[in-house]
Number of protein chains: 2
Amino acid sequence: MSTHAAIAANASRAVPGYLVSAIAMTPAAGLPALQPRSAADPLAALGHAKVYDRDMTVFSEGDAAGSVFRVQSGMVRLHKMLPDGRRQIIGFLHAGDMMGLAFAAQYLYTAEAVTATTIQRIPRLELDVLLDAQPALARKLLSATTSELMAAQDQMVLLGRKTAAEKVASFLLRLCDRKGGDRTIDLPMGRSDIADHLGLTTETVSRTFTKLKSARLIRILVGGKLELLDHDALADLAGGF
Amino acid sequence: MSTHAAIAANASRAVPGYLVSAIAMTPAAGLPALQPRSAADPLAALGHAKVYDRDMTVFSEGDAAGSVFRVQSGMVRLHKMLPDGRRQIIGFLHAGDMMGLAFAAQYLYTAEAVTATTIQRIPRLELDVLLDAQPALARKLLSATTSELMAAQDQMVLLGRKTAAEKVASFLLRLCDRKGGDRTIDLPMGRSDIADHLGLTTETVSRTFTKLKSARLIRILVGGKLELLDHDALADLAGGF
DNA sequence: CGCACAGTTGACAATAGTCAAACGATGTGG
DNA sequence: CCACATCGTTTGACTATTGTCAACTGTGCG
């Protein structure tokens with residue numbers, strides 16, 4: 001039983017230390033978490049990568065959890081399902097994001113490829129050894145996961161208290177932030193994925209997009225791309241977060 | 001800059017190791033997190049306790065975050081607010097739960113006493129020192145925070161995909177689990193707190209309680225207590241989680 | 001070129017929200 | 001000890017946002 005522990009607890013720095021997340025690193029506002037393939041990527045040598053086609057399952061809720069995963073390219077969605085099939089998408093993962101970090105006996109959600117995706121599978125024991133050797137890496141992971149937690153709380157506000165238009169506007173702005181403020185964002189996921197992430201139906205998402213188009217706040221481009229024409233107006237609409 | 005790190009990473013145990021939560025430990029299904037005042041409570045000696053009256057603020061979203069807190073008795077609510085005043089309650093904390101663990105520069109939500117509450121305030125530097133000395137404590141904190149993260153994801157499913165009746169039933173069952181399955185649970189918070197936690201209005205919460213009473217699934221007792229008359233039927237209604 | 005499927009639009013329904021009034025418990029002052 | 005004031009809760013009537021069901025459109029792929 002080799003247990004390596006690392007809690008970054010630092011009261012004086014602006015960028016946090018932290019006890020950190022278990023679940024996964026979700027698109028976090030601003031913070032790019034771990035760079036996909038930074039020159040000095042300590043995780044790069046671990047495990048091995050595999051390509052998943054569109055809609056393939058990486059792991060399912062309840063599977064025995066023996067590995068953690070890192071998205072190298074493409075996009076992944078994480079979801080939970082109610083017994084009758086209603087689905088809630090917990091988050092979308094981009095290149096650099098990790099998942100399956102819960103270290104629970106089973107995975108807590110299902111992970112599927114949204115687009116063709118390359119995913120690095122890292123057996124926990126390997127990560128274990130590396131974390132032991134590199135405390136700095138541990139802090140990076142912790143930091144990224146903290147961001148994910150903040151995102152989870154913002155998502156609770158969104159789901160519990162925002163209108164359809166506010167939800168969609170918030171969602172688009174998050175993707176925009178994630179891209180570093182670029183006005184053009186990728187929307188590789190379908191309307192039903194967006195709906196299940198925002199607690200709406202595909203029809204409502206579609207109607208909301210139409211309204212935003214009519215109001216000249218967004219423009220839909222070919223190839224699943226979208227342009228934010230009026231960032232400020234969208235931010236107004238989103239109403240915080 | 002003293003940074004002490006501890007990531008419990010253990011692939012072989014059923015009870016998790018984990019990179020863990022930043023935000024706070026919320027009522028976690030089943031797992032009692034840290035016992036309030038266990039005989040060998042390593043945190044007991046840190047910081048000092050203070051009593052907060054009903055509705056007093058412990059800290060506010062955006063305040064500089066210099067301490068972590070632990071609820072010793074009573075109940076605390078954590079919330080975020082939209083600019084126009086709409087409120088989302090992130091969670092309710094019971095004795096033993098910790099909050100403010102984000103280790104971010106600012107607190108990410110506001111904490112208020114639901115009832116008269118005793119809260120232990122622990123300066124981060126003190127916790128830091130203790131964590132350095134007792135890795136096992138770190139693992140406990142991490143474990144508790146993982147539970148909170150799972151709870152956060154269940155809450156997303158609840159907020160995004162459940163009906164009013166399902167939300168209320170799930171909420172009551174959670175409180176029941178939290179009490180170890182006792183049929184009688186405490187509801188010290190008001191209807192508007194419940195509403196803001198479940199993404200409903202006070203009126204809808206009230207009407208739902210009335211329906212559950214009529215259906216003989218619950219009984220409301222004096223002193224903010226409630227009895228679950230038919231746990232199974234409620235679980236059916238809650239529809240998972 | 002046409003089939004298949006995702007997305008859009010429309011008509012209608014239903015769940016939950018809003019506004020308002022009444023009720024009930026709690027606590028204070030006469 | 002009772003009357004009254006207050007606040008939270010409950011109930012009612014009505015509204016509105018979002019969901020449902022269904023048809024249609026457009027796009028991409030074989």
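In the text below, chain A, chain B and the rest are named by the order of the sequence lines, each starting its count at 1.
Residues B:K179 and B:T184 share a closest heavy-atom pair of NZ-O, 2.9 Å.
B:K80 contributes no side-chain N or O that, together with a main-chain N or O of B:I89, makes up a donor-acceptor pair within less than 3.5 Å. In this structure, the side chain of B:D154 does not engage the main chain of B:M156 through any donor-acceptor pair within 3.5 Å. Within the 3.5 Å criterion, the main-chain N or O of A:M56 finds no donor-acceptor partner in the side chain of A:D53.
Take B:Y52 and apply the ring-ring contact (aromatic ring centres under 6.0 Å, His included) test, not counting sequence neighbours, and it matches no residue. Partners of A:K162 by side chain to side chain donor-acceptor pair (under 3.5 Å), not counting sequence neighbours, listed by chain and number: A:S170. Listed by chain and number, the residues in a side chain to side chain donor-acceptor pair (under 3.5 Å) with A:R54 amount to none (sequence neighbours excluded).
In summary, B:R178 and B:D97 engage in a salt bridge, as defined by a charged side-chain N under 4.0 Å from a carboxylate O.
Side-chain atoms of B:T118 and B:S73 form a donor-acceptor pair, as typed in the model, at a separation below 3.5 Å.
Residue pairs meeting the ring-ring contact (aromatic ring centres under 6.0 Å, His included) criterion with at least one member in residues 63-86 of chain A, sequence neighbours excluded: A:F59-A:F69. Residue pairs satisfying the salt bridge (Lys or Arg N to Asp or Glu O under 4.0 Å) criterion with at least one member in residues 196-205 of chain B, sequence neighbours excluded, are listed as follows: A:R161-B:D196, B:R87-B:D196.
Of all nucleotides in DNA chain D having an atom under 4.0 Å from a heavy atom of chain B, the first and last in 5' to 3' order are D:dT9 to D:dA13.
Helix bend of the helix from C:dC1-D:dG30 to C:dG30-D:dC1: the angle between its two end axes, each built from five pairs, comes to 30° after rounding to 10°.
A heavy-atom distance below 4.0 Å to DNA chain C is reached by these residues of residues 159-173 of chain B, ordered by number: B:T163, B:A164. Residues from residues 196-205 of chain A that place a heavy atom under 4.0 Å from any atom of DNA chain C, listed by number: A:E203. Using a 4.0 Å cutoff on non-hydrogen atoms, the parts of residues 207-224 of chain A near DNA chain D are A:R207, ordered by number.
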Distance-only check: which donor-acceptor pairs under 3.5 Å involve side-chain atoms of residues 207-218 of chain B, not counting sequence neighbours?
from, atom 1, to, atom 2, distance (Å)
B:T208, OG1, B:T204, O, 2.7
B:T210, OG1, B:S206, O, 3.0
B:S214, OG, B:T210, O, 2.9

When you compare the protein's N or O atoms with those of nucleotides 12-14 of chain C, which come within less than 3.5 Å of each other, and at what distance?
none

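The structure places CD of A:E61 at 10.5 Å from OH of A:Y109, a figure rounded to the nearest 0.5 Å.
As a whole-Å value, the separation of B:R191 CZ from C:dG17 P is 16 Å.
Screening A:R70, A:H48, A:K50 for a side chain to side chain donor-acceptor pair (under 3.5 Å) with A:Q120, the sole residue that qualifies is A:R70.
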